[in-house]
2 protein chains.
Amino acid sequence: MGTRRPGTPTLEEVAAHAGVGRGTVSRVINNAAGVKESTRRAVQQAIEELGYVPNLAARSLAGQRSNAVALVLTEPDWRMFAEPFFSEIVRSLGDALADIGMQLMLTLVRSDIDRKRFLEYARGSRVDGVLLLSVRAGDRLPDMLAEARLPTVMLGRRSRDEYVSYVDADNVGGARSAVSHLVSRGRRTIATITGPLDMDAAQCRLRGYQDALALAGLDSEQSLVAEGDFTQESGRLAMTDLLARHPGIDGVLAASDTTAAGALQALRAAGRRVPQDVAVIGFDDFPLAQRTRPRLTTVRQPLEEMGRAMIRLLLEDMEEPSVAYRHVILRTALVVREST
Amino acid sequence: MGTRRPGTPTLEEVAAHAGVGRGTVSRVINNAAGVKESTRRAVQQAIEELGYVPNLAARSLAGQRSNAVALVLTEPDWRMFAEPFFSEIVRSLGDALADIGMQLMLTLVRSDIDRKRFLEYARGSRVDGVLLLSVRAGDRLPDMLAEARLPTVMLGRRSRDEYVSYVDADNVGGARSAVSHLVSRGRRTIATITGPLDMDAAQCRLRGYQDALALAGLDSEQSLVAEGDFTQESGRLAMTDLLARHPGIDGVLAASDTTAAGALQALRAAGRRVPQDVAVIGFDDFPLAQRTRPRLTTVRQPLEEMGRAMIRLLLEDMEEPSVAYRHVILRTALVVREST
DNA sequence: TTGAAAGCGCTAACAC
DNA sequence: GTGTTAGCGCTTTCAA
């Protein structure tokens, strides 16, 4: 806790104990070069003996940096937490930061009061930067952060004309390649179950779907498009509707692996064989999809790289404040699991 | 960010701008008493005009407290995130802390390296205390924190002889009252689907189940107990097994609402009517259970109060370090939804 | 009621 | 290589 517990030694005490100056101890604990090996060892022993732990508040104050980055989750995302997509991203971010000696701290915001509170917190020099996950289209938090000149990077842009720095997957390209793949396999009546269309990623994937159909000279009927919300249930319902409207459907692009799983349920309930009768391709490539029989072909997003890219952008934003925003779109990969 | 962005005013500049001393400004931003109303207003205006935001690192250093509390999630819990149980607890904790001007920060730890890193972080005076959620029996993190004399409170104890401070629900009592209720309604062949039995909460609920049966003079056969893991799938499988072993089952206590939902699936698949043929009671009282037909009777845990109790304990631990550990067990409530 | 001054524990620039 | 020193921005006595 904050109150200096008796027995919490300071850097100065370590210095005295080791018989060196404070600067030397500081150099040792920061792994700075230019310290004789013998002194370094003496200092390390003193640290050991005293059980010294640097006071991070003092370090932040003196060093003008907190070595911490906040990851903000807005309420609608909470459920994502349980999904591999999320944990993979968090893992990636945490690792990338740990590599450079920084801490990741999660913050949940649900109300505007929370947003304000967080903004105050971030502006209070407690974090060096802010990361945001799949922000809703109308959320102003990124703008507020940018206005406060806090390095900010989002995963997924809010809209086509996003300006705040972001990393995103090539949603259009991913969807296009998936649908083109289906076409090349002879599928002709291809439907899509989208994500919530107020999300840019969902829109882009729909666009990719339409592009691919146009490219193949197939016409894209509105009735082949059903809006879902990334959940399994929505996939099931959407697929049921689609089948009712177009019994001849032989291919489906789903917004996510979860949605694809729902679609699968509906297809089976309707007696369709997968992939013989209907081929299903979902975005994301997770246990659900991998365990499924048949193993689905998926559009894989490079989550690990997306996390690393976010950190890279953040660091660049910190070091070169003259650049207003940076955008990086990563390539997706089509993982073909079965002949579809 | 840490680097003092140009235009980030300090308390001193505010003081100069308002024509007062630094101490006065400090008093104003901390709502301390003993400041003339007119000066207070002058200072507030200066703060407004300069867009002053206190530097939290400096405040932590000078004030010997960080005003932040960490909530640690160990990896196996991640999936909990998606559940109302979790979000309700987090909401409650966040609110309780905000009320007293403190920040909640989440930390995910998965490896032992993470545990070490977090320990270092916490010992570095960056947080005033640590909260832990449903720690696994073998996890040593709580002990390490306690050893470092960091105020620590867990939700749910690790075992019967837990010593680190914790808040828990009366699992034994809750299970007992549920089973007694079934007995009083004439049920005679009552089974239970437990949680993972290496978790104390699961053991306690099993004990409560057995107690109630003993109390009613019914004998508790081992074959009426099936172990699950809180998931829906485990509930379904366990129920299927139980029915095979005891076709005459007329009552079930499930470890959670999710498990109960799984049990329901199995019961229906077997052609049993609920609750006419078999009554089901689950722990927790969430949307799943609430939407279900028939609406299940549940054992409700007072999540809001559990969160508040955790904060209360934490503050007490901070203020009275002479007390080693504090334990609080909260009462559960049987929510009767249908005649069972 | 308010101002002045002494730290909080550390980093970094500058001497030696 | 290593010690010394001047802050970082705030809270908190202690006087006034």
Listed by chain and number, what are the salt bridge (charged side-chain N to carboxylate O under 4.0 Å, His left out) partners of [X], not counting sequence neighbours?
X: B:Glu49; result: none
X: B:Asp114; result: B:Arg110, B:Arg117
X: A:Glu48; result: none
X: B:Arg27; result: none

Compare the minimum distances between each of [options] and the side chain of [X], then state the nucleotide with the smallest one.
X: A:Lys36; options: D:dT2, C:dC10, C:dC8; result: D:dT2
X: A:Arg22; options: D:dC8, D:dT5, C:dG9; result: D:dT5
X: B:Leu61; options: C:dC8, C:dA6, D:dC8; result: C:dC8
X: A:Pro54; options: C:dC8, C:dC10, C:dT2; result: C:dC10

Donor-acceptor contact present, side-chain A:Ser92 to main-chain A:Glu304, <3.5 Å = yes
Closest-nucleotide ordering on DNA chain C, the 5'-leading residue of B:Ser38 and B:Ala62 = B:Ser38
Quick one: label A:Ser60 by what it contacts on the DNA or RNA (base, sugar-phosphate, nothing), any heavy atom closer than 4.0 Å.
-> nothing
How sharply is the helix from C:dT1-D:dA16 to C:dC16-D:dG1 bent, taking the axes over five pairs at either end and rounding to 10 degrees?
-> 40°
Between [N] and [X], is there an OP1 or OP2 to side-chain N/O distance shorter than 4.0 Å?
X: B:Asn30; N: D:dT11; answer: yes
X: B:Ser26; N: D:dT11; answer: yes
X: B:Thr24; N: C:dT2; answer: no

Could I get the full list of side-chain hydrogen bond (donor to acceptor under 3.5 Å, both in side chains) partners for [X], not counting sequence neighbours?
X: A:Arg59; answer: none
X: A:Asp99; answer: A:Arg308
X: A:Thr152; answer: none

Output yes when B:Arg136 and B:Asp139 qualify as a salt bridge under the 4.0 Å nitrogen-oxygen rule, no when they do not.
-> no
Got a list of protein N/O to nucleotides 13-16 of chain C N/O distances below 3.5 Å?
| unit_1 | atom_1 | unit_2 | atom_2 | d |
| --- | --- | --- | --- | --- |
| C:dA13 | N6 | A:Arg27 | NH2 | 3.4 |

Distance, rounded to the nearest Å, where A:Arg59 contributes CZ and C:dC8 contributes P = 19 Å
With DNA chain D as reference, determine whether A:Ala58 or B:Val25 sits nearer its 5' end, using the nearest nucleotide of each.
-> A:Ala58
